[in-house]
Amino acid sequence: MKKIFAVFAAAFMLTGCAGNTTSQPESSSPETENTSSQQESSAVTEQTESAAATEEPAVSRTEEAADSDSPITVNYAEDVNIPEGAEVFEFSTAGALQPVQTIFTASRTVADLKVLALTYEDMDEDGNVTFSVEELMTIPKFTADSVLNASLEYIGTIPNNGISYTDPETGDERRFAVNMSGKDGSLFLWEF
C-alpha cells in the first residue's frame, strides 16, 4: 500500500510540477494512470475554456431561426442555375481576400433591395443582436426574374453581410443577416 501511495505521490508531483507535459512516469499503476489522464483532461478543459473566453461572442442563429416568410433566398453560386433572360445585378465587396459568389433571388417583387455590411455591436439577454449597418448597394426594384450575384467575404462566426428590402405590400423595411450553417455550411437569412 505504501508503494502505491509513493508512486501516486510521485506521479502527482511530476504532473503537477511539470505543467502540461506528455511524459508519463516509467512505472505506474492503474490508479496513477487514471489520475494522470484526469489531470491532463482538466488542463485541456481549462485551456479550452480560457480560449473560448477570448473568442468573439457567439451570435449565430440556427437554420430553424431562418425567416421562412421572406421572399428573398440566398445560396452559393454553384448551387443555382441562373435562368436565361434573368435580370442579373452584380456586386463585389471591395478588398475581399476570399470572395464567395453568393446568389440572392426573390419569389416576389420587393423594393429597395440593399446589400449591407454588418458590424456586431451588442447582444441583449434575450439574444437580440444589434449591428451597425452600412449600405453598400441598392436595387430599386427586385423581382422574381431578378438575380443578385454578390461577391461577399464571410469573416468569422459573426455575420458581417446582410440585406434589407422594403415589402411593397406593407411598406415595412426588413433586415437580414446572411449566415452560414454550422452543420453543413449552407447559407441562410435571419432577421434582426
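All residue numbers in this chain count up from 1 along the given sequence.
- For the residue pair T138 and P140, the shortest heavy atom distance occurs at O-CD, 3.8 Å.
- Each of V115, L148, L113, N149 was evaluated against F89; a single residue qualifies, L148, per the side-chain contact (heavy atoms from CB on, under 4.5 Å) test.
- Following chains of ILVMFWY side-chain contacts shorter than 4.5 Å, one can reach F176 starting from L187, so the two form part of one hydrophobic cluster.
- How far CE of M123 is from CD of E121: 13.5 Å, rounded to the nearest 0.5 Å.
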Side chains of residues 74-85: which donor-acceptor partners sit under 3.5 Å, not counting sequence neighbours?
from: Y76; atom 1: OH; to: G185; atom 2: O; distance (Å): 2.5

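- Of all heavy-atom pairs spanning F192 and V129, the tightest one is CB-O, 4.5 Å.
- Annotation: salt bridge (Lys or Arg N to Asp or Glu O under 4.0 Å) contacts involving residues 132-147, sequence neighbours excluded, comprise K114-E135.
- Taking D167 as the reference, R108 meet the side chain to side chain donor-acceptor pair (under 3.5 Å) condition, with sequence neighbours excluded.
- Note that CD1 of I163 and CG of L152 are 10.5 Å apart. Values are rounded to the nearest 0.5 Å.
- Nearest heavy-atom pair across A96 and E153 is CA-OE1, 3.4 Å.
- In this pair, F131 and W190 present their aromatic rings tilted. The plane angle is within the 30 to 60° band.
- Nearest heavy-atom pair, A106 versus I72, reported as atom, atom and distance to 0.1 Å: CB-CD1, 3.7 Å.
- Once rounded to the nearest 0.5 Å, the distance linking CG of L116 with OG of S132 reads 10.5 Å.
- Closest non-hydrogen pair, R174 versus S70, comes out as NH1-CA, 4.3 Å.
- Linking Ile, Leu, Val, Met, Phe, Trp and Tyr residues whenever their side-chain heavy atoms come within less than 4.5 Å places Y120 and F188 in a single cluster.
- The minimum heavy-atom distance between P159 and A177, with the atom names listed, is CB-CB, 3.8 Å.
- Here Y154 contributes atom OH and T93 contributes atom OG1; the two are 8.5 Å apart, rounded to the nearest 0.5 Å.
- T105 pairs by the side chain to side chain donor-acceptor pair (under 3.5 Å) definition with T73, not counting sequence neighbours.
- Applying the side chain to side chain contact (heavy atoms under 4.5 Å, CB included) test to A111 and every residue at least two apart in sequence or in another chain returns T166.
- Not one N or O on the side chain of D126 forms a donor-acceptor pair closer than 3.5 Å with the backbone of N128.
- Criterion: ILVMFWY side-chain heavy atoms under 4.5 Å apart, direct or through other members. Under it, I139 and I103 are not part of a common hydrophobic cluster.
- Contacts of S151 classified as side chain to side chain contact (heavy atoms under 4.5 Å, CB included), with partners at least two apart in sequence or in another chain: S92, P99, Q101.
- The distance from atom CZ of F142 to atom CD of E87, rounded to the nearest 0.5 Å, is 8.5 Å.
- Here CG of L136 is found 4.5 Å from CZ of F91. Values are rounded to the nearest 0.5 Å.
- In terms of hydrophobic clustering, with Ile, Leu, Val, Met, Phe, Trp and Tyr side chains grouped at heavy-atom distances under 4.5 Å, V100 and V147 are assigned to different clusters.
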So V133 and L118, side-chain contact (heavy atoms from CB on, under 4.5 Å) or not? Walk me through it. CA-CA 5 Å; V133 176; L118 307 179; 4.0 Å; yes
